[in-house]
Number of protein chains: 2
Amino acid sequence: MSAKTTPGPAADRRKRDAAATRQAILDAAVDAFTRHGYDGVGVRDIARDAGVTAMLINRYFGSKEELFAEAVEVSFAPPTVITGTGSELAERTARTLAARTAPEAEELGPFLLTLRSAANPRAAEIMRDAIARHAGRRLGEELPGDDAGMRAELMLAVQAGVWLMRRVLGTAALAAAPPEELARYVTLLFQVLDPPAAEAGMPHP
Amino acid sequence: MSAKTTPGPAADRRKRDAAATRQAILDAAVDAFTRHGYDGVGVRDIARDAGVTAMLINRYFGSKEELFAEAVEVSFAPPTVITGTGSELAERTARTLAARTAPEAEELGPFLLTLRSAANPRAAEIMRDAIARHAGRRLGEELPGDDAGMRAELMLAVQAGVWLMRRVLGTAALAAAPPEELARYVTLLFQVLDPPAAEAGMPHP
DNA sequence: GCGCTCATTCTACAAGTGTATACTTCAGGT
DNA sequence: ACCTGAAGTATACACTTGTAGAATGAGCGC
């Protein structure tokens, strides 16, 4: 009846392949850290999901913190945060966001990883660096103007906020919001930060 | 050299006053949960800050989780999230946000508490309910229109996102952003969600 | 002054944390 | 067929976690 600490079912057909095992651990780590946050998972949990014992994590990654750093890198590297370029950037990104944060969707990704691990200071540091190197940099290059960096991070802020309220907390109104209506407002928000015509959409305050 | 588990200095001049002790614990809890998140603090930490022993927490609040619920209530109850009403709501709230999230500011508040505790599912549930009863409700009543609830939560989302990027993670561009320039963009974002004239600021997408 | 009551603390426990050392077991080259 | 080096596991340790039960001690009415 007791499962003890025996390797999980994931190891059933993988035999002593160091590279594959390392990858399995890393995959399990990304998944677990994204679902439960840095402080919410133990190395034993990750090891079980990967079908190994906890000690292999330290063998291959040195420590839990270094494993987290690699998991963050994996999660932030692919350019899935913004979709589309130029004039369609705002609307396409908004639609993608609305779809992915739907309550029934079970998509993971860097925003969930960030939100759920942000409480830990070391994890926060690691993620700040990763954002600077990946999402922030890419988005900053996409946007025009001299304060592009700030606007890019504001765009990430809006996305993170929606992920938080809709998927992590699950507040009522956003959870029940029709995707197209949500996408409409988010598009307007993004257009403030990425004005289609340089100064056209800018009312003087 | 060792501090052991002796009561902290906060208890020096408070003598066997149950109500005052309970309040001291609650204050320490709000502070600690806001700084380190639900999973980042132990009951012993909170007890030490309050100048008591860990067991008093269970005596007065039942469990760590119930203490957290009360701390959330205390943190969310005062209406400090939005400042101003009507046409000045957007700009004033934006200015307040920019000031409070400045890297050198050390203000706490419900957003930090939420962001740092969101990883824990039970904590998330508790905070979702608190938002519905406090910030979300108040803001929803302030905004006009029928989808006010959704726009109110989007406004909270924008604020939470800025808190996350600027204060929790400390990303470069937002940390270095001049307050007035940040406030300018955030004002524009809020005006999308709280249009000064009902349909004037609404470009057809 | 005395005793009672309740605020507060002591001791303890069972479970879980990250990680180090020592051990076992398998695959491949010769 | 072996032996060696690497892949993987077992055991253990020192520590922290939330919470339970019993013991203690101070203040107040009398």
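Chain identifiers are assigned alphabetically (A, B, ...) following the order of the sequence lines, protein sequences preceding nucleic acid strands; residue numbering begins at 1 within each chain. Quick caveat: nothing in here was measured; it's all calculated off a predicted structure.
- Sorted by first then second residue, the salt bridge (Lys or Arg N to Asp or Glu O under 4.0 Å) pairs that include residues 123-135 of chain B, not counting sequence neighbours, are B:Glu73-B:Arg133, B:Arg122-B:Glu125.
- Remark: B:Val43 engages B:Ala54, B:Ile57, B:Lys64 in a side chain to side chain contact (heavy atoms under 4.5 Å, CB included) (not counting sequence neighbours).
- Residue B:Arg151 qualifies as enclosed at atom CZ: its count of foreign heavy atoms under 6.0 Å is above 12.
- The shortest heavy-atom contact between B:Tyr38 and B:Phe33 is CA-CD2, 3.8 Å.
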Dump the pairs, protein N or O against N or O of nucleotides 16-19 of chain C, anything under 3.5 Å, distances to one decimal.
{"unit_1": "C:dG18", "atom_1": "OP1", "unit_2": "A:Lys64", "atom_2": "NZ", "d": "2.8"}
{"unit_1": "C:dG18", "atom_1": "OP2", "unit_2": "A:Val43", "atom_2": "N", "d": "2.9"}
{"unit_1": "C:dG18", "atom_1": "N7", "unit_2": "A:Arg44", "atom_2": "NH1", "d": "2.8"}
{"unit_1": "C:dG18", "atom_1": "O6", "unit_2": "A:Arg44", "atom_2": "NH2", "d": "3.0"}
{"unit_1": "C:dT19", "atom_1": "OP2", "unit_2": "A:Lys64", "atom_2": "N", "d": "3.0"}
{"unit_1": "C:dT19", "atom_1": "O4", "unit_2": "A:Arg44", "atom_2": "NH2", "d": "3.1"}

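- Side-chain contact between B:Arg184 and B:Glu180 is absent, with no heavy-atom pair separated by less than 4.5 Å.
- In this structure, A:Arg48 places its CZ atom 18 Å from P of D:dG8, rounding to the nearest Å.
- For the residue pair A:Glu153 and B:Thr171, a side-chain donor N or O sits within less than 3.5 Å of a side-chain acceptor on the partner.
- Sorted by first and then second residue, the salt bridge (Lys or Arg N to Asp or Glu O under 4.0 Å) pairs with a member in residues 101-120 of chain B read B:Arg100-B:Glu107; sequence neighbours excluded.
- Spacing between atom CD1 of A:Ile57 and atom P of D:dA7 amounts to 17 Å, rounded to whole angstrom units.
- Rounded to whole Å, the distance from CZ on A:Phe61 to P on D:dA7 is 13 Å.
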Expected rows: protein N/O vs nucleotides 5-7 of chain C N/O, under 3.5 Å:
{"unit_1": "C:dA7", "atom_1": "N3", "unit_2": "B:Arg16", "atom_2": "NH2", "d": "3.0"}

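- A salt bridge does not link B:Arg138 with B:Glu142: every distance from a Lys NZ or Arg NE/NH1/NH2 to an Asp or Glu carboxylate oxygen is 4.0 Å or more.
- Between B:Glu70 and B:Arg22 there is a salt bridge, with a side-chain nitrogen of the basic residue lying less than 4.0 Å from a carboxylate oxygen of the acidic one.
- Two end axes, each from the C1' atoms of five base pairs, can be drawn for the helix from C:dG1-D:dC30 to C:dT30-D:dA1; they diverge by 10°, to 10 degrees.
- Screening A:Asn120, A:Leu115, A:Thr114 for a side-chain contact (heavy atoms from CB on, under 4.5 Å) with A:Met127, the sole residue that qualifies is A:Thr114.
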